[in-house]
**Q** 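The following block contains the structure, expressed as structure tokens.
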Amino acid sequence: MSTPEAFSFAINNRLDGGRHGRAGVINTPHGAIATPAFIPVGTKASVKAVLPETMKELGAQALLANAYHLYLQPGSDIVDEAGGLGKFMNWSGPTFTDSGGFQVMSLGVGFKKVLAMEAVDVRSDDVIAKGKERLATVDDEGVTFRSHLDGSTHRFTPEVSMGIQHRLGADIMFAFDELTTLLNTRGYQEKSLQRTHEWAQRCIDEHERQSAARTHRPYQALFAVIQGAQYEDLRRKASRELESIRGSAGTSFDGYGIGGALEKHNLGAIVGWCSDELPEDKPRHMLGISEPEDIFTAVENGADTFDCVNPSRVARNAAIYVAEGRFNINTARFRRDFTPIDDTCDCYTCAHYTRAYIHHLFKAKEMVASTLCTIHNERYTIRLVDRIRASIEGDYFDDYKAETLGRWKGRIATP
């Protein structure tokens, strides 16, 4: 089967002006990913409401699944027995898995499925959402989870996360990390950064062991995850230290994920700080963004790939993306609107259905409403990033950014 050489990254073109943005190609055992690329999220080996075959038709180059959720259901051993994540879900392209680190925050602190992207005045290291019970506790060795499904107790360590992800068989996986929030104090951020660094060393050592024991499977790339919240010195420190880590056999990380809580207005600076410190010849993945203005900012400052559940999540709540912004299709003004969602979109939904029909489906609580809107939102996001990549390759990124964000208002005007 394939060796570490089956994974590589090449840069084809760069933004001018000393910026970190670039277009390139990530090669994996299951195919190439042209970057910048949006990686849709299929948390439980499924992008909710649509078939994997549909995601291929929409232009998705790779899909990302959640190691924690697949560990609980159906079990990483079953996915391994099926031949790995791709075969299990009938997806022939590249796959990613996250480490379970996000659940450290979402189950242990906020119970929110998205990260706050604005500053808060309160600082506390014992934060918990109002009316909720903590389901995850962190210590220096790992994390103890209580399953949100049945209340059973589970223990994740760097070694456990690596074992799960190796059995899942994704082409790209992430080191186990602790995800903090903007509410945490500076002192806790420093302590957490050290813990994540120590876990990264354990991850790469276990990755080497698993890779040597699983030569019957294709090589899996391992990305480190950079934390540090909104602090420049911590982000730069984390980037430098993770880049210097080597496994006992001399292995280095294959790429880097930029994660953690951050302020939306500071997104570009944070990605830039990390890109300043990271090696040029390895890909950078931005965890959890998909809004157009955030995509442009992340790409310009050095992000090569990024994932987010948002296009599919908001679609299930009747929120639609078009060039002029985002709107809710279940409002009364679309009841007799017999035009497509977007007459410039090439997706299946826009070619075959009207706003009035989709409005009706939501009002009638028909499940296909989610399917049709998810198809459109995923295609909108994938096509946007494809065009960003083309603009970098064609040296017109700034013009395309100005044109696109000039139209994007966050909503559409009432006719």
Side-chain angles (χ1 to χ4, degrees), residues 37-66 69 89-91 93 112-114 288-295 306-388 404-405 407-415:
F38 175 66
I39 314 300
V41 176
T43 300
K44 301 176 183 179
S46 169
V47 178
K48 290 185 186 299
V50 297
L51 295 170
E53 293 89 338
T54 301
M55 295 308 301
K56 180 66 73 175
E57 292 168 0
L58 294 176
Q61 300 184 71
L63 299 178
L64 181 145
N66 183 285
H69 286 286
M89 66 185 296
N90 194 31
W91 172 261
K112 296 197 179 203
K113 296 180 184 290
V114 294
I289 66 164
S290 67
E291 294 298 304
E293 62 266 40
D294 298 332
I295 291 173
F306 28 88
D307 70 272
C308 193
V309 299
N310 225 42
S312 58
R313 171 173 293 135
V314 302
R316 299 193 300 276
N317 291 298
I320 299 296
Y321 293 129
V322 294
E324 292 76 20
R326 174 173 144 178
F327 67 94
N328 291 329
I329 202 166
N330 60 353
T331 56
R333 61 194 174 107
F334 298 112
R335 189 179 178 192
R336 287 184 167 86
D337 187 340
F338 301 108
T339 63
I341 289 175
D342 181 353
D343 59 13
T344 69
C345 180
D346 59 2
C347 79
Y348 181 87
T349 300
C350 290
H352 294 89
Y353 297 100
T354 67
R355 294 178 175 189
Y357 180 66
I358 298 169
H359 170 89
H360 155 70
L361 293 175
F362 275 107
K363 292 301 181 181
K365 301 188 186 306
E366 292 289 343
M367 290 185 289
V368 73
S370 295
T371 298
L372 293 177
C373 287
T374 300
I375 286 171
H376 172 76
N377 280 359
E378 293 286 1
R379 178 57 185 158
Y380 170 87
T381 308
I382 291 166
R383 188 168 67 157
L384 172 67
V385 180
D386 286 349
R387 289 174 170 178
I388 291 174
T404 303
L405 296 186
R407 296 182 66 187
W408 177 263
K409 307 296 183 185
R411 61 181 179 84
I412 60 172
T414 303

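All heavy atoms count here, side chains included; hydrogens, waters and symmetry mates do not.
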**Q** Restricting to side-chain hydrogen bond (donor to acceptor under 3.5 Å, both in side chains), what partner residues turn up for Arg387, sequence neighbours left out?
**A**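 For Arg387, no residue satisfies side-chain hydrogen bond (donor to acceptor under 3.5 Å, both in side chains) once neighbours in sequence are set aside.
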**Q** Mind checking side-chain hydrogen bond (donor to acceptor under 3.5 Å, both in side chains) for Asn328 and listing every partner two or more places apart, or none if nothing turns up?
**A**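 Applying side-chain hydrogen bond (donor to acceptor under 3.5 Å, both in side chains) to Asn328 gives none.
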**Q** With sequence neighbours left out, what residues match Asp307 under side-chain hydrogen bond (donor to acceptor under 3.5 Å, both in side chains)?
**A**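 Residues passing side-chain hydrogen bond (donor to acceptor under 3.5 Å, both in side chains) with Asp307: His285.
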**Q** Using side-chain hydrogen bond (donor to acceptor under 3.5 Å, both in side chains) as the criterion, list what pairs up with Asn330, not counting sequence neighbours.
**A**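 Counting only residues at least two positions away or on another chain, Asn330 forms no side-chain hydrogen bond (donor to acceptor under 3.5 Å, both in side chains).
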**Q** Just grab all the salt bridge (Lys or Arg N to Asp or Glu O under 4.0 Å) pairs involving residues 46-57, residues at least two apart or on different chains.
**A**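 Pairs touching residues 46-57 that pass the test: none.
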**Q** So, using side-chain contact (heavy atoms from CB on, under 4.5 Å) as the criterion, who are the partners of Ala356 when residues are at least two apart?
**A**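 Applying side-chain contact (heavy atoms from CB on, under 4.5 Å) to Ala356 gives Phe338, Thr354.
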**Q** Can you list everything that forms a side-chain contact (heavy atoms from CB on, under 4.5 Å) with Glu324? Sequence neighbours excluded, please.
**A**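 By the side-chain contact (heavy atoms from CB on, under 4.5 Å) rule, Glu324 matches Val322, Arg407, Ile412.
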**Q** Partners of Phe306 by ring pair (Phe, Tyr, Trp, His ring centres under 6.0 Å), sequence neighbours excluded?
**A**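 None.
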**Q** For residues 350-373, which residue pairs qualify under salt bridge (Lys or Arg N to Asp or Glu O under 4.0 Å), counting only residues two or more places apart or in two chains?
**A**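 Output for this query lists Asp337-Arg355.
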**Q** Sequence neighbours left out, what passes side-chain contact (heavy atoms from CB on, under 4.5 Å) with Ala315? Give chain and number order.
**A**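 Ala315 satisfies side-chain contact (heavy atoms from CB on, under 4.5 Å) with Cys373, Thr374, Asn377 once adjacent residues are dropped.
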**Q** I'd like to check the ring pair (Phe, Tyr, Trp, His ring centres under 6.0 Å) partners of Tyr380; sequence neighbours left out, ordered by chain and number.
**A**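 So Tyr380 forms a ring pair (Phe, Tyr, Trp, His ring centres under 6.0 Å) with Tyr321.
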**Q** Return the set of residues passing side-chain contact (heavy atoms from CB on, under 4.5 Å) with Ala45 (not counting sequence neighbours), or none when no residue passes.
**A**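 Only Leu70, Leu85, Phe88, Met89 meet the side-chain contact (heavy atoms from CB on, under 4.5 Å) criterion with Ala45.
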